[in-house]
Amino acid sequence: MNEELYPSIFSQFKGEEGELITILLRVQEAIGYISQEAVKRISQFLKISENQIYGVASFFSRFRFDEPGKISIKVCMGTACHVHGGSLLADAVGWDLGITYGQATPDKRFDFQRANCLGSCTLAPVVQINDKIQGRVLVTELKETMKHREEF
Ligand code: FES
């Protein structure tokens, strides 16, 4: 862990309890999740309990507490994608990786998330693997792609 990370983030704040959400957002931007170490450091900085921090952070679905996988697979479940079979794609990815959305594989290689809209609705259904958007994805194509996932 970069020892400069937390001092660098905290230097932008006054140390007031009302800054908690913004600090959590900065931490998650920086390391991809809210680690136990982060909660401990924030607790010391804001002088509030770790339980309070978990209580607030767990209220918002955007915060995650487990380390994300290195290869990100997002299946869009926005309205356009849902109507065009997004949930079938999500089932295929989940089945293949043996996890459900919101999780990483135990080896932290793959991260599986669902998205509300990936901004490419005309290409529905859409899957994003790392930075690459794939549109009009068929379940059979996705299964084929997942067979070669070690090459991602
Ligand atoms: S709803 Fe899927 S890209 Fe917009």
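Just so you know, ligand 1 is whichever comes first in the structure, and atom 1 is the first atom listed for that ligand.
- Residues passing the salt bridge (charged side-chain N to carboxylate O under 4.0 Å, His left out) test with K147, sequence neighbours excluded: E144.
- Sorted by first then second residue, the side-chain hydrogen bond (donor to acceptor under 3.5 Å, both in side chains) pairs that include residues 78-91, not counting sequence neighbours, number zero.
- A side-chain N or O of T105 and one of D107 form a donor-acceptor pair less than 3.5 Å apart.
- Residues I71 and R109 form a side-chain contact, since some pair of their non-hydrogen atoms from C-beta on lies under 4.5 Å apart.
- Q28 is listed as a side-chain neighbour of F63, based on a closest heavy-atom distance under 4.5 Å.
- Annotation: salt bridge (charged side-chain N to carboxylate O under 4.0 Å, His left out) contacts of R64 (sequence neighbours excluded): D66, D111.
- If you look at atom 2 (Fe) of ligand 1, the protein N, O or S atoms less than 2.8 Å from it are C76 SG, C81 SG.
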